[in-house]
Structure formats: C-alpha cells, structure tokens
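Structure, as structure tokens:
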Number of protein chains: 2
Amino acid sequence: MERLPIVERRAQLIRAALAVASRDGIEAATVRAIAAEAGVSLGVVHYCFEDKNELLRELGDAIAAQGVDRVELARLARPDAHRAIGAAITTRWEAMRAHRGVQLLGFELTTQGLRNPDLRGVATAQRDRNLRAAREMLDEAAAVANIRWTVPIQLLARFSVAAMDGVVLAWLVDDDDEAARAALSSLTTHLTTHTTPSRK
Amino acid sequence: MERLPIVERRAQLIRAALAVASRDGIEAATVRAIAAEAGVSLGVVHYCFEDKNELLRELGDAIAAQGVDRVELARLARPDAHRAIGAAITTRWEAMRAHRGVQLLGFELTTQGLRNPDLRGVATAQRDRNLRAAREMLDEAAAVANIRWTVPIQLLARFSVAAMDGVVLAWLVDDDDEAARAALSSLTTHLTTHTTPSRK
DNA sequence: GTCTATAGTTGGATAGAC
DNA sequence: GTCTATCCAACTATAGAC
C-alpha cells in the first residue's frame, strides 16, 4: 500500500465515508466498512481520526459543502419574478434529485446530530449552510428580475428551506417526481406574492 | 413477575419502546433497553415478537396513531378562511411541539424505513396518515369557514405536510418557536390564497 | 506509516431449566 | 410463560510487530 501524507489520507477516507454512507446508510458506515471502501486497514482510520465522531463531523462538512453549487441565473430570458424564482428553485431541485442517497444521508446526519451531543454541530452547520444558500438564491433572483422582497428575506429563506426539506423528504418516501415538482411550483408562486418591482 | 396475555404484553412492550426511543433515540432502543424499560427479561421480548423489526413496525404504527387527534374547529368565533386555517394549523403545531422526542423519533423511523426494506412500510404508513390528516384538516376548515378550495385538495394536503415536516425539522435543530410560528403563519396565508367563498 | 492481532463492548437471538 | 445462561456476530479502539 502506498504511503500518503495524513491530510490526503483523511480526504480519501472522508470520500470513502461519503460513498458508503450515501449508498448504504449511516448505520452501515462503520469504521470497518469505510476502511474497506478506501482499501486501507482498520487501524489506519483510527490513526487518522481521533474517533468515529470526528470522522462523521468531517463527513457532515463534506456533504454540506457539495450541496451549494452556486445557481447561475444570469442567462435567463425575460426574467420576470416568477420565472427567476422558479428557475432558481428548479435548478436546486434538480441538483438534489440527482443524488438521492446524499439527500437521505443529510436527514440521517441531522437526526444523529440531534441525539448525539458530539455531533450537534453537524445539524446546525447544515442548517446554516442551507439558510445561507437560500438567502443568496433569493438575493440573486431579486437582482436578476429587478424586484425586491416585501417581507424580511430571513423569513422567506427559512420558509423556503423548510418547504424544500419537506418536499425532498416526501419525495424520498414516495419517489413521486410530479408531485414534488407541483409542490415546488406552489412554493414558487408563494414566494412571488412577496415581491414588488424595485425602483431604480 | 405477573403473567400477562401475550397481547397485553405486546402492548406494554410497544409502550416501553416508544418511551425509550422518543427519549434516547432509535439507536438506543435496543431489545435489551426496551426489556429493561418494561421491567421484563430479555427473552420475553423475543417471545412476543418475531424479531426486532416486527417490534419497530408496531412502534411505527403506535407513533402514527397518536399523532392524529382530531382537530376541533367547530367553536371558532367569526370563522373566516384565514382564521379557520390558522386555527387548524396552530392546533396541530401545538400538539407536535408538546412531544419533541416523538417528532424526532418520527424522522428517525422514516429514515430507517428508507434504508431497511423490512421497515419500508413504516415510512409509507406515516406518510399516508399525515396526508389523510392534512386532507381532513383542510376539509374541515373549508366546511367551518364556508369556503372551497380552488386547487385539488390532494395537492394542498401534500404541500401542507411537506411544509409542516420542514418547519418541525428546523425547529428540532434550532428550537426557535418564534421562527416556527412565523413560518406556519406564512403557510396559512399561502393556503388562504387558494380559497374562494362557496355558494350555498 | 502501516499492518496484524486482539482487547473489550454491545448487539440480536436461542436453549433449556423452572 | 418466564427466567438465566449462553452463543455468536459486529462494533470501536488500542497495542505492538514490522
């Protein structure tokens, strides 16, 4: 086996953890399974991480980081408010839909974080990232469509995140793409009612 | 130890499982811990249930059943649409807020159901119950306020469940009652825009 | 740095006495 | 029906050879 600097070894193990956990679930992501996935022996994992919780915390960071590819709205034709908001939400939805296992893993990590004090930060970090991403999305949609929001953006961001989470969870259960799209369309309409043309 | 008919013993063990799992999390709800909670020995659990999964399936039923105390809207003063819908949602929210551990357990059982084929039914049963409860809530609110819905109620029910789930999950993470209430108020407003006076 | 070997728990499940 | 005793598998973590 090749020798690696510890930082690269850690990165490799985090990738392996993400692969196992998103494919087989958080319960299946044992130290053994992760070591096997990475092709290293059990001891290596304990050499690279303080304990399993530290590895899971890094996994939480990794999953949150990959969820926030910035949405590109600039090239929209006829960017009215409804259209811009709809595009932003649809883009995010398609990104999530493409990684079913990762979405489920996100919920699993959140519940773990709510039970295990050692992983508390995973849950809150994920919420913070989601909120920030939603706020940026709303800001960008407003800029592109040349409107402004008539209620505090923090409120709208929170509602959007909650609605998104709920829609994704329902979709994980019943795998109904049409229903999910309809719900997101409803969310888009709702957000649009809280806009007004911005004066220049 | 007192002898009990097996059906009563099962009910007792399910109650114990609910107590342990809602208090300490699904991972802590081992057969051993449940037996201890009920004050019986380990073997008794295996005598009463085929295996652990069967017990968890019954637990799923139990948790779903207790969530659907029917909302009483009849005595509302001046039941306009917004008021009726708001009351229905608030009532349900207060019921959920009072049982934090149970709500978290619900999410844990759902994710388990999505990973473990043996528990698949737990996730879908919970979704079905929630959808039905939401539909009944919308029906009753419409009847009380003398309005009708301008979009298919199935769609509204689904959106309501998703939004509720998302709001509860966010609340579990940050424990912010005010933010939750604000989000639910936003949901109420959104639902109200899809009503129209019903002709008699 | 990496490996094998093993300690030390804890889990689900079962056998057999009473 | 109920209990104790036990089996066996899987887990995290560590010690020590190389």
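Just so we're on the same page: letters track the sequence lines, and every chain starts at 1.
- With C/dG12, C/dT2, D/dA13 as the choices, the nucleotide that has an atom nearest any side-chain atom of A/Val44 turns out to be C/dT2.
- One interatomic measurement links the two molecules: NE2 of A/His46 to C1' of C/dA7, which rounds to 12 Å at whole-angstrom precision.
- Within the 3.5 Å criterion, the main-chain N or O of A/Ala123 finds no donor-acceptor partner in the side chain of A/Thr110.
- Minimum atom distance to the side chain of A/Asp51 is reached by D/dA13, of the listed C/dT2, D/dC3, D/dA13.
- In summary, A/Asp174 and B/Arg158 engage in a salt bridge, as defined by a charged side-chain N under 4.0 Å from a carboxylate O.
- A salt bridge links B/Arg10 and B/Glu54; the closest N-O separation between the charged side-chain nitrogens and carboxylate oxygens is under 4.0 Å.
- Following rounding to the nearest Å, B/Asp118 (CG) and C/dA13 (P) show an atom-to-atom distance of 10 Å.
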* To do: Verify side chain to side chain donor-acceptor pair (under 3.5 Å) between B/His190 and A/Thr189, making sure each step is shown before the conclusion.
  => CA-CA 9 Å; B/His190 178 58; A/Thr189 301; over 6 Å; no
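- Rounded to whole angstrom, the span from the CZ atom of B/Phe49 across to the P atom of D/dG1 amounts to 13 Å.
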* To do: I would like to know whether A/Arg23 and A/Glu37 meet salt bridge (Lys or Arg N to Asp or Glu O under 4.0 Å); could you show each step before the answer?
  => CA-CA 11 Å; A/Arg23 187 180 62 231; A/Glu37 177 84 17; 3.0 Å; yes
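- Contacts between residues 20-33 of chain B and DNA chain C, counted as heavy-atom distances below 4.0 Å, involve B/Thr30, B/Val31, B/Arg32.
- Look at CD on B/Glu54: it is 11 Å from P on C/dA13, rounded to the nearest Å.
- Residue contacts for B/Ile6: at a heavy-atom cut-off of 4.0 Å it reaches the sugar-phosphate backbone alone, with no base atom in range.
- Contacts of A/Leu4 with the nucleic acid, taken as non-hydrogen atoms under 4.0 Å apart, involve only primed sugar atoms and P, OP1 or OP2.
- Atom CG of B/Asn53 and atom C1' of C/dA13 are 13 Å apart (whole Å).
- If you check C/dA13, D/dA13, D/dT2 against the side chain of B/Arg3, the one that comes closest is D/dT2.
- Protein atom CG of B/Leu42 is 13 Å distant from nucleotide atom C1' of C/dA15, rounded to whole Å.
- Between A/Arg181 and A/Glu94 there is a salt bridge, with a side-chain nitrogen of the basic residue lying less than 4.0 Å from a carboxylate oxygen of the acidic one.
- A donor-acceptor pair is defined here as one N or O able to donate and one able to accept, closer than 3.5 Å; no such pair exists between the side chain of B/Arg127 and the backbone of B/Val122.
- Rounded to whole Å, atom C1' of D/dC11 lies 8 Å from atom NZ of A/Lys52.
- End-to-end axis angle of the helix from C/dG1-D/dC18 to C/dC18-D/dG1, from C1' rotation axes over five pairs per end: 10° (rounded to 10 degrees).
- In this structure, B/Arg9 atom CZ and D/dC3 atom C1' are separated by 12 Å, rounded to whole Å.
- Counting only heavy atoms from C-beta on, A/Tyr47 has its side chain closest to C/dT2 among C/dT2, C/dA13, D/dT2.
- Residues passing the ring-ring contact (aromatic ring centres under 6.0 Å, His included) test with B/His82, sequence neighbours excluded: none.
- Looking at A/Arg100 and A/Asp175, a side-chain N of the basic residue comes within less than 4.0 Å of a carboxylate O on the acidic one, giving a salt bridge.
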